[in-house]
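First listed ligand is number 1; within each ligand, the first listed atom is number 1.
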Amino acid sequence: MSEGIAIITSGGDAAGMNPAVKCAAEYAGKQGLKPWLVYGGLRGLINGDIIEAERSLISGILHRGGTVLRSSRSKEFFELSYREQAYQNLKKRGISKLIVIGGDGSFRALNQFYTDFGMPFAGIPATIDNDIAGTDYCLGVDTALNMIRGSIDSIRDTATSFSRAFVIEVMGRHCGYLAMVSALASGAEICLTPELPYDLDSIGARLKHQIENEGRDSILAVVAEGTQMADYVTRWINDSIGMEARLTVLGHVQRGGSPTVYDRIMAYKFAVAAIDTLQSGQKNAIMIHRKGTFGSLPISEVCDSHYEMDPAILKLCQPMTS
Ligand code: F6P
């Protein structure tokens with residue numbers, strides 16, 4: 001019987017998960033492994049929702065957003081008895097390797113599983129937050145950025161038509177990557193993130209000068225959710241700068257949508273790297289893409305360090321913070 005490998009998506013869904021699932025299953029088959037699909041994330045492992053990856057289950061999925069395998073954040077997986085149940089579910093199907101597509105919380109959970117039962121896994125970074133240490137890119141980021149760009153472009157239309165200020169709160173949890181890149185891409189006047197110090201007095205002076213002397217009659221402010229400043233800044237623009245301001249919280253629309261070409265190709269490359277890494281004997285590695293090259297890092301290096309923002313992006317964003 002061929003060795004079984006199970007593919008699971010876990011944590012917050014991200015565009016690119018489906019092409020990664022499809023490619024991982026197909027490539028695993030070509031390597032002589034028997035691919036399985038886990039439905040419902042870690043909860044699915046515990047409940048035994050694990051099905052052989054037949055062609056019908058992995059065709060017609062690569063263009064779809066989210067994850068067709070579905071996902072969850074499972075508290076039960078923190079308990080050894082449930083992890084034991086998950087292990088038995090895999091063992092009785094002849095599965096001895098796992099591919100996990102998700103964020104660092106999911107990687108930590110699978111690493112605990114590896115410590116408990118010696119079940120090797122390879123992690124594929126997938127989160128719109130782009131906050132996983134060691135990799136420059138996580139699946140879903142390009143699609144999310146394009147969703148945000150489309151929304152901000154639309155908001156710019158109404159802002160200029162109506163001479164208003166708009167504050168746009170974008171996701172990212174504690175990370176300001178999405179906010180910074182989308183502020184740059186949409187030509188925002190203000191960008192507030194947890195990473196960069198900002199000075200509202202000097203932002204106010206700059207914009208008032210432009211309103212009084214240069215004909216500025218609209219403002220776009222992109223605010224990362226991690227700052228928790230979106231409400232405050234909206235009122236502040238209204239009261240201190242004197243321009244009518246509205247707040248748009250983009251919310252979960254940023255997580256959906258058909259994966260961009262970039263996310264599809266990155267998904268394929270990450271999936272192939274993950275299978276090759278497992279086949280080469282590595283047991284708990286996370287795939288990374290750094291400075292244009294694919295590789296892997298031991299999970300300890302990924303989970304014990306912090307994501308470092310590209311200094312070039314920080315520098316470009318500086319003028320929007322003062
Ligand atoms: O981690 C992805 C993410 O979308 C974050 O940007 C956001 O803070 C969080 O998940 C929202 O979580 P939930 O979908 O549980 O509301």
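Considering every non-hydrogen atom in both E195 and P197, the closest pair reads O-CD, 3.8 Å.
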Check your understanding: Would D136 and R290 count as a salt bridge (Lys or Arg N to Asp or Glu O under 4.0 Å) if you check the C-alpha gap in whole Å, the side-chain angles of each, and the deciding distance to 0.1 Å?
Key -> CA-CA 5 Å; D136 294 338; R290 200 195 276 165; 5.2 Å; no
**OP:** Start with the C-alpha gap between T248 and I152, add the side-chain angles, then the distance that decides, and say whether side chain to side chain contact (heavy atoms under 4.5 Å, CB included) holds.
**Re:** CA-CA 10 Å; T248 302; I152 299 184; over 6 Å; no
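Ligand 1 has an N or O atom lying under 3.5 Å from an N or O atom of G172, backbone or side chain.
The protein heavy atom nearest to atom 9 (C) of ligand 1 is R173 NH2, 3.5 Å. In terms of protein heavy-atom proximity, atom 11 (C) of ligand 1 is closest to R255 NH1, 3.8 Å. In this structure, atom 13 (P) of ligand 1 lies nearest to the protein heavy atom H252 NE2, 3.6 Å.
Within the structure, the salt bridge (charged side-chain N to carboxylate O under 4.0 Å, His left out) test picks out the following pairs touching residues 161-183 (sequence neighbours left out): D129-R173, R164-E244.
Under the ring pair (Phe, Tyr, Trp, His ring centres under 6.0 Å) test applied with F113, the options Y82, F78, F77, F107 reduce to a single match, F77.
Between E225, H174, R73, it is E225 that holds the heavy atom closest to atom 7 (C) of ligand 1. Taking all heavy atoms of V170, D129, L178 into account, the minimum distance to atom 5 (C) of ligand 1 is reached by D129.
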